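These notes are about the structure you will find just below.
Every chain is numbered from 1, with letters handed out A, B, ... down the list of sequences. The structure displayed is predicted, hence computed values, not measured ones.
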Number of protein chains: 2
Amino acid sequence: MPASRSRARPAPAPVAPAGPTTVIDVARVAGVSASTVSRILNGTARVADSKRAAVEEAIRRLDFRPNLSARSLKMGTTMTVGILAQDIESPFFTRAMRGIEEGLADSGYAPIIVSGHWNAVEEAQRIRLLMARRIDGLVILTGHLADEQIAEFARHQPIVVTGRKLRHDHNLVATWLDQTEAGYLATRHLLSLGHRRIAHIAGPRDHGDAVDRLAGYNRAHEEANLKPDPALVTQGDFLESGGLLAMNRLLDSGAPFTAVFAANDQMSYGARMALYRRGIRVPDDVSIVGVDDLPASAYVTPPLTTVRQPIYEIGLFAARALLHMLGQRVEPVDVPPLELIVRETTRRL
Amino acid sequence: MPASRSRARPAPAPVAPAGPTTVIDVARVAGVSASTVSRILNGTARVADSKRAAVEEAIRRLDFRPNLSARSLKMGTTMTVGILAQDIESPFFTRAMRGIEEGLADSGYAPIIVSGHWNAVEEAQRIRLLMARRIDGLVILTGHLADEQIAEFARHQPIVVTGRKLRHDHNLVATWLDQTEAGYLATRHLLSLGHRRIAHIAGPRDHGDAVDRLAGYNRAHEEANLKPDPALVTQGDFLESGGLLAMNRLLDSGAPFTAVFAANDQMSYGARMALYRRGIRVPDDVSIVGVDDLPASAYVTPPLTTVRQPIYEIGLFAARALLHMLGQRVEPVDVPPLELIVRETTRRL
DNA sequence: TTGTAGGCGTTATCAC
DNA sequence: GTGATAACGCCTACAA
């Protein structure tokens with residue numbers, strides 16, 4: 001029976017203050033000053049054991065919780081970090097968020113998540129909203145912001161940004177994986193299985209990762225002294241629906257191919273569906289490779305061969321790096337490298 | 001070139017204050033008092049157009065943003081709502097969160113998301129953490145908290161809780177869909193296709209929805225004057241892995257069946273994988289029905305027949321209901337009913 | 001219409 | 001070791 005907030009009814013106990021409980025109430029009940037309560041709360045200084053006991057008892061009795069707004073006002077810190085995602089429903093971002101959640105656990109920091117929807121203007125807007133809340137730090141999960149813009153934001157608070165290469169700074173950490181390598185690993189795998197006509201469902205043209213993966217596709221061909229057929233490269237949007245549409249276009253074009261490299265897992269699912277619709281078997285007639293290794297990829301039929309991205313670990317890394325910049329003592333984590341996961345959507349030609 | 005935070009260097013402009021910009025700085029630059037600035041910020045009172053212009057200009061010049069902590073301290077409101085999810089990576093919760101995000105858009109409220117991991121103790125802990133931050137409202141997305149516990153929490157701030165039937169209150173709104181109906185719809189569909197030996201992969205025993213769906217499965221049988229074979233009911237955990245394990249148990253038991261009703265889509269995926277592993281065709285040899293209609297269910301092969309839950313709309317509803325309780329003028333939204341979505345994992349026997 | 005003054009709850013500084 | 005006191009930045013009576 002917490003004693004606070006008893007307005008209409010008579011106070012249930014003589015100690016009950018009028019409004020929400022404050023340090024002063026606790027101090028009065030414990031027979032000490034507010035400063036002493038504060039000191040005990042924060043471990044700022046040594047206090048006599050007897051007083052400590054009295055204060056702790058009073059805190060319990062009154063169910064006292066310090067007002068974070070007041071503390072923030074005084075300290076200039078909000079114990080809140082902002083997370084800029086792009087699409088809160090995408091498995092990519094939720095996996096990263098899990099990593100962040102884990103990395104932030106027990107740190108006292110809580111995440112506020114906003115979505116930028118792959119739109120630089122909206123992203124900047126959301127970040128300003130976050131900054132108006134005086135967040136102590138910010139994680140930017142990929143996106144379309146200009147590097148200079150991010151550097152500018154980093155003048156106001158520590159930032160960790162994923163998916164780009166940026167000069168580190170006391171206030172700015174970037175984590176980056178070579179997405180050319182992802183495209184290269186996927187394509188080389190198909191080439192090594194004897195495939196020579198390999199289609200590619202690319203991601204959005206304005207998306208750096210997509211561009212890099214296409215470059216990796218080209219590099220693997222070059223290395224094998226092959227020239228990819230431009231008719232086999234088509235555009236997707238990183239979503240299932242786009243993968244389905246792209247595969248339909250590929251099929252309708254009549255250009256023959258025996259394998260397809262989709263720039264991410266979600267488009268692989270869509271492509272797979274398009275093939276299924278036409279009765280084209282995977283991997284017997286066409287092999288598929290994706291990128292990401294989303295949790296679902298082990299449960300689609302057949303299980304998807306893909307290039308694993310350490311998304312969870314990136315989230316974990318981001319959280320830890322941010323805490324480090326915020327002055328917390330945390331052990332750093334490593335981001336493992338990209339890795340080809342061979343499952344059952346690819347077979348030797 | 002924002003003028004604030006120029007500590008080490010000489011001030012770039014004569015207007016630059018020492019620390020972060022405050023109303024007082026704005027007032028000084030605009031040649032008015034701080035209260036006038038506040039009034040303009042909040043539209044609290046009429047002010048002369050000339051002063052308004054000067055203040056707005058000063059705000060722009062100084063890139064001023066009101067300190068939310070100070071405002072919160074004064075007003076007793078944080079413009080923050082807490083969201084208790086269970087697993088931030090589950091498509092169920094992310095879909096709901098999308099709805100919440102949409103419902104909160106442009107309201108000025110930002111969501112803080114925490115996860116309870118289906119553990120009543122952890123859920124209560126997280127909520128206390130949220131409450132320590134003085135959130136203005138709370139959305140509880142299902143979970144294992146006791147009704148009384150929720151009622152107790154609702155004494156401190158408005159709460160919307162999904163997935164239960166609770167007496168509404170000026171501070172408590174519950175939204176609930178009859179999950180017996182979900183199990184009933186799924187099972188009746190299979191029965192109507194001529195299936196008589198229908199297996200069921202149930203959800204966790206301590207999960208109300210799971211229990212209700214099993215009850216619906218039984219009710220559909222009763223209605224058809226059939227008795228489900230207890231050997232065909234097995235336990236899952238609402239995850240893909242649990243669905244896979246459960247289906248393997250079913251198969252190993254030797255009890256014959258021609259269809260399976262899985263208590264959610266994720267377990268359907270796992271069950272589908274187990275069948276695939278053994279070369280059992282879907283729907284030719286075994287039909288499958290799930291519950292949820294996750295976005296992915298239209299893209300698995302074959303596309304999953306399932307009972308659609310309006311998860312997004314539930315999130316939207318929750319956000320709107322909360323805003324309403326917080327005194328905002330918002331138009332209410334309806335939660336559509338459960339609906340059987342017939343795709344391609346079921347066929348007539 | 002506008003300014004002055006006081007306080008929201010906390011912590012840091014300074015005395016004792 | 002402990003207590004008074006003065007901010008932190010904002011908003012809202014109250015006064016003018």
How long is the line joining [atom1] of [X] and [atom2] of [N], in whole Å?
X: A:Asn67; N: D:dC10; atom1: CG; atom2: P; answer: 16 Å
X: A:Arg133; N: D:dC10; atom1: CZ; atom2: P; answer: 15 Å
X: A:Lys74; N: C:dT13; atom1: NZ; atom2: P; answer: 8 Å
X: A:Arg71; N: D:dC10; atom1: CZ; atom2: C1'; answer: 20 Å
X: B:Ile40; N: D:dC10; atom1: CD1; atom2: P; answer: 14 Å
X: B:Leu68; N: C:dG9; atom1: CG; atom2: C1'; answer: 17 Å
X: B:Ile24; N: C:dG3; atom1: CD1; atom2: C1'; answer: 13 Å
X: B:Met75; N: C:dG7; atom1: CE; atom2: C1'; answer: 14 Å

| Distance below 4.0 Å between A:Thr36 side-chain N/O and D:dG3 OP1 or OP2 |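 Indeed, a polar side-chain atom of A:Thr36 lies that close.
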| request: Check whether any side-chain nitrogen or oxygen of A:Asn42 sits under 4.0 Å from OP1 or OP2 of C:dT11, and answer yes or no. | output: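 The answer is yes; a side-chain N or O of A:Asn42 sits under 4.0 Å from OP1 or OP2.
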Check every atom of [options] against the side chain of [X] and return the nucleotide holding the closest atom.
X: A:Thr22; options: C:dG9, D:dC10, D:dT2; result: C:dG9
X: A:Val47; options: D:dC10, D:dT2, C:dT10; result: D:dT2
X: B:Ser38; options: D:dT12, C:dG3, D:dG9; result: D:dT12

| task | Within residues 48-58 of chain A, find the residues that approach DNA chain C with a heavy atom at under 4.0 Å, and present them sorted by residue number. | result |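 None - not one residue of the stretch has a heavy atom sitting under 4.0 Å from the strand.
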| task | Examine the side chains of A:Ser107 and A:Gln328 and answer whether a donor and an acceptor come within less than 3.5 Å of each other. | result |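 A:Gln328 and A:Ser107 do not have a side-chain donor-acceptor pair below 3.5 Å.
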| task | Find which nucleotide of DNA chain C each of A:Leu41 and B:Ala45 is nearest to by heavy atoms, and output the residue with the more 5' nucleotide. | result |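 Going by which nucleotide is closer to the 5' end, it is B:Ala45.
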| request: Decide, yes or no, whether a salt bridge links A:Glu123 with A:Arg126 under the criterion of side-chain N to carboxylate O below 4.0 Å. | output: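 Result for this pair is no, no salt bridge flagged.
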Under the 3.5 angstrom rule, does the side chain of [X] hit a backbone N or O of [Y] as a donor-acceptor pair?
X: A:Ser38; Y: A:Ala34; answer: no
X: A:Gln86; Y: A:Trp118; answer: yes
X: B:Asn171; Y: B:Ala154; answer: yes

| said: If the test is side-chain contact (heavy atoms from CB on, under 4.5 Å), which one of B:Ile159, B:Thr162, B:Ile83 qualifies with B:Ile140? | reply: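 Exactly one candidate clears the test, B:Ile159.
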| message | Need to verify one output field. Residue with the more 5' nearest nucleotide on DNA chain D, B:Leu73 or B:Arg39? | response |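 Closer to the 5' end of DNA chain D: B:Leu73.
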| Neighbour count above 12 (heavy atom, 6.0 Å) for B:His117 NE2 |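 Above 12, so yes.
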